[in-house]
Amino acid sequence: MLVQSEVLGEMDGEPVAVENPDGRGEVVLVCEHASQRLPERYGNLGLSDEALSSHIAWDPGALAVARRMSKSLDATLVYQRFSRLIYDCNRPPESPAAMPSVSEVFRIPGNENLTEAERSRRTAALYMPFHGRIREEIAARRERGQPTVLVTIHSFTPVYFGRERPVEIGILHDTDSRLADQMLKAASDTNLYRVERNEPYGPADGVTHTLEIQALPGGLLNVMIEIRNDRIADEIGQGVAADFLTGLLRESLADIQE
Ligand SMILES: [Zn+2]
């Protein structure tokens, strides 16, 4: 494909990865910020190694948790193979945050003064195939009579602009809060995590784009889960979080379907 080759080279591989495509569970997991990898031709975007390994490039721990949940829920998992610094797949192309020139306290030199042509190339190479693939998965499931519950998995930094964030797990939703309501209810007596609704940010911050375009139009149950990344920094933490969230989802979906 001509357009794709201008952003992604032969060494880079595909923009989208799908694991457990034949998963029999009703949940489809999505991880937009799974990877810190940059396409080869972009070098380091002018960033330090510190910035490139930080939360501005990806959601540390999110893919690891999503993979565990994919196993326990027998869920198909779709994730973006490249850093959100090149294209943030949880943002529409017209959003400045899709290809940010500043993220938190970091300037991103390689994203400054992007031409319209470059923005279109990145959109075509990363955003379109990612959301196209999710759309195809959902359509194929519908065709074979398999319902879809869309769950996106993210992580966030414990300190943002110098301020500590006390919330540990955020249950986020847009206009359809059915699943989020049920999960918050199920989590209300846990002492494992501090769980809150639409924290550390919410739909007003433009973070529910994937839910908005992939779940809301078809009326699919959906939720976005944000985990504070210090709680999933190692395998033990990832296992505990994945088990907790798997349990919450199972219980909540059973309650909704009763
Ligand atoms: Zn994220």
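All values reported here derive from a predicted model rather than from experimental measurement. We count ligands from 1, going down the list as the structure has it; atoms in each ligand are counted the same way.
Atom OD2 is the N/O/S atom of Asp59 found closest to the Zn ion (ligand 1).
Contact record, Ala62 with Ile232: N-CD1, 4.0 Å, taken as the closest heavy-atom pair. Contact between Pro217 and Ile213 at its shortest, heavy atoms only, is CG-O, 3.5 Å.
Taking a cutoff of 4.0 Å between a charged side-chain nitrogen and a carboxylate oxygen, Arg194 and Glu168 do not qualify as a salt bridge.
His209 and Glu32 are not linked by any side-chain donor-acceptor pair at a separation below 3.5 angstrom, with hydrogens and angles left out of the test.
Rounded to 10 degrees, the ND1-metal-ND1 angle spanning His154 and His33 at the Zn ion (ligand 1) equals 100°.
Not a single N/O/S atom of Glu32, whether from backbone or side chain, sits less than 2.8 Å from the Zn ion (ligand 1).
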